[in-house]
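Inspection log for the structure reproduced underneath, given as structure tokens.
In what follows, chains carry the letters A, B, and so on, assigned in the order in which the sequence lines appear, proteins first and then strands, with residues in each chain numbered from 1.
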Protein chains: 2
Amino acid sequence: MFTIGRLARRTGAKVQTIRYYEEIGLLSKPPRSEGNQRLYGEQEVDRLAFIRHARELGFSLAAVRDLLSLSDSPGQSCEAADVIARCQLEAVEARIARLQSLKRELERMIEQCQGGKIADCRVIEVLSDHNQCLTENHTDAAVHS
Amino acid sequence: MFTIGRLARRTGAKVQTIRYYEEIGLLSKPPRSEGNQRLYGEQEVDRLAFIRHARELGFSLAAVRDLLSLSDSPGQSCEAADVIARCQLEAVEARIARLQSLKRELERMIEQCQGGKIADCRVIEVLSDHNQCLTENHTDAAVHS
DNA sequence: CTAACATCTATAGTTGCTGTAGATGCAAGC
DNA sequence: GCTTGCATCTACAGCAACTATAGATGTTAG
């Protein structure tokens with residue numbers, strides 16, 4: 001059995017993050033030492049590392065919670081886990097596509113910025129130009145959520 | 001002169017977001033009507049659309065603030081704007097690279113999940129397997145910020 | 001004139017943590 | 001046995017960048 005600091009060092013999570021996960025119920029309340037310090041075992045290392053890895057893959061804490069509850073019932077179909085992973089994949093693909101169009105736009109901006117004065121700066125201008133495009137598209141008539 | 005709702009509709013921003021931008025000083029306090037309602041003109045449409053477009057391009061509000069102050073002094077060199085844009089481009093490229101490796105990992109996970117039981121589920125397993133990789137890399141000796 | 005909607009202020013909530021303060025616990029050195 | 005210094009404890013505040021709510025007013029169409 002070891003303390004929270006050791007658990008943190010072994011998983012790469014911060015101490016406060018571990019206490020936060022306990023608070024929101026992702027980790028169960030561990031036994032305490034005589035001096036009221038949390039005591040953890042190997043099981044907690046695994047569970048926390050699982051959480052951290054899923055987080056690094058971009059899963060939300062809600063998704064992590066679902067995945068954990070799935071892995072706690074190993075006899076059932078893993079269809080639900082598959083659905084979560086596919087959802088995540090779709091979200092990642094959408095983010096990539098979006099970022100790539102941003103990248104192209106930024107590259108165009110930078111390319112056209114030749115160290116001149118701000119009055120002629122493409123970076124500022126592109127942002128302003130798209131204002132035009134925005135104001136054209138977002139008229140009073142258009143409905144936006 | 002028009003009210004906040006019209007400004008919101010014309011720029012695609014939410015009413016609360018506009019008030020929030022005013023609160024944090026991105027938009028200046030507009031004149032009010034007799035009934036204490038905010039009144040805006042075309043200038044505010046431009047400025048807000050500029051902000052929204054920059055935000056959509058992934059610039060932080062701090063970066064937007066810098067870009068706005070730059071565009072307020074059009075006689076100066078646009079080097080600073082270029083630096084901000086280049087920074088943003090780098091960040092976008094890093095995010096794309098990261099997301100693409102996540103995508104590959106997720107695809108591997110899903111591919112190997114054949115609708116079996118959770119005990120054999122690759123989605124869960126991959127997350128757990130990487131736990132191993134995590135616990136190997138993050139030993140007590142390793143220092144993590 | 002009234003109903004329905006817009007706007008007002010102020011405040012709390014969201015996600016996923018991170019940082020702080022001030023009080024204890026604990027292990028090592030003298 | 002005592003001090004020093006770090007680790008841990010609780011509780012709460014703060015971050016980004018909004019979003020949502022409550023309850024009070026303003027405004028406008030029929």
Side-chain angles (χ1 to χ4, degrees), chain A residues 1-27 29-40 44 47-68 87-88 91 95 98 140 143-145, chain B residues 1-27 29-40 44 48 50-68 87-88 91 95 98 140 143-145:
Chain A
M1 301 287 265
F2 37 82
T3 62
I4 198 168
R6 197 165 284 264
L7 178 60
R9 263 171 267 127
R10 286 191 55 185
T11 56
K14 301 212 170 166
V15 167
Q16 294 106 305
T17 306
I18 297 170
R19 289 199 280 246
Y20 170 70
Y21 286 164
E22 180 186 326
E23 196 183 308
I24 62 168
L26 273 189
L27 296 174
K29 301 195 174 189
R32 301 289 184 115
S33 72
E34 287 210 353
N36 197 35
Q37 301 194 342
R38 289 168 179 83
L39 292 176
Y40 297 97
E44 274 72 33
R47 193 174 174 95
L48 180 52
F50 181 103
I51 296 170
R52 292 310 301 167
H53 187 228
R55 290 288 303 133
E56 275 160 31
L57 281 171
F59 290 86
S60 70
L61 283 182
V64 173
R65 200 185 294 273
D66 289 347
L67 287 169
L68 279 169
C87 254
Q88 190 55 30
R95 268 145 80 195
R98 188 159 159 56
D140 275 7
V143 177
H144 294 279
S145 59
Chain B
M1 302 289 264
F2 37 81
T3 62
I4 197 168
R6 196 165 284 265
L7 177 60
R9 263 171 269 128
R10 286 192 53 185
T11 57
K14 301 210 170 167
V15 166
Q16 295 105 306
T17 305
I18 297 171
R19 289 198 282 245
Y20 170 70
Y21 287 164
E22 180 186 327
E23 196 183 308
I24 64 169
L26 273 189
L27 297 175
K29 300 194 175 191
R32 302 288 184 118
S33 71
E34 288 210 351
N36 197 35
Q37 302 195 341
R38 290 166 179 84
L39 291 178
Y40 298 96
E44 273 71 34
L48 180 52
F50 182 103
I51 296 170
R52 291 312 300 167
H53 187 226
R55 291 287 303 130
E56 274 160 32
L57 281 170
F59 291 87
S60 69
L61 284 183
V64 172
R65 201 185 295 271
D66 290 347
L67 287 169
L68 279 169
C87 254
Q88 190 55 31
R95 269 146 79 196
R98 187 159 161 58
D140 275 7
V143 176
H144 294 280
S145 59

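- Considering all non-hydrogen atoms of both residues, V15(A) and G5(A) come closest at CG2-CA, 4.1 Å.
- Each of Q16(A) and G35(B) was assigned the nucleotide of DNA chain D with the nearest heavy atom; the assignment lying further toward the 5' end belongs to Q16(A).
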Find every protein N or O atom lying less than 3.5 Å from an N or O atom of nucleotides 13-17 of chain D, and list the pairs.
from    : atom 1 : to     : atom 2 : distance (Å)
dA17(D) : OP2    : L61(B) : N      : 3.3
dA17(D) : O3'    : R55(B) : NH2    : 3.4

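- Across all their heavy atoms, L39(B) and R32(B) have their closest contact at CD1-C, 4.0 Å.
- Protein chain A touches strand DNA chain C; the 5'-most and 3'-most nucleotides with an atom under 4.0 angstrom of its non-hydrogen atoms are dG16(C) to dC26(C).
- Contact of the Y20(A) side chain with the L61(A) side chain is registered, since non-hydrogen atoms from C-beta on lie closer than 4.5 Å.
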Nucleotide N/O to protein N/O under 3.5 Å, stretch nucleotides 2-8 of chain D:
from   : atom 1 : to    : atom 2 : distance (Å)
dT8(D) : OP1    : T3(A) : OG1    : 2.5
dT8(D) : OP1    : G5(A) : N      : 2.9

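- A cation-pi geometry, defined here as NZ or CZ lying under 6.0 Å from the six-membered ring centre and within 45° of its normal, holds between R10(A) and F2(A).
- The end-to-end axis angle of the helix from dC1(C)-dG30(D) to dC30(C)-dG1(D), rounded to 10 degrees and based on five pairs per end, is 10°.
- For the pair F59(B) and D66(B), the minimum side-chain heavy-atom distance is 4.5 Å or more.
- Take Q16(A) and apply the side chain to side chain donor-acceptor pair (under 3.5 Å) test, not counting sequence neighbours, and it matches no residue.
- With sequence neighbours excluded, no residue forms a side chain to side chain contact (heavy atoms under 4.5 Å, CB included) with E23(A).
- Side-chain contact between E22(A) and P30(A) is present, with heavy atoms from C-beta onward closer than 4.5 Å.
- By the side chain to side chain contact (heavy atoms under 4.5 Å, CB included) test, A13(B) is found to be paired with T11(B), I18(B), L48(B), R52(B), residues two or more places apart in sequence or in another chain being considered.
- Judged purely by atom type and a 3.5 angstrom limit, R47(A) uses its side chain to pair as donor or acceptor with the backbone of L26(A).
- One distance of note links CZ of R65(A) with OG of S60(A); it measures 9.5 Å at 0.5 Å rounding.
- With rounding to whole Å, I18(B) atom CD1 is found 11 Å from dT19(D) atom P.
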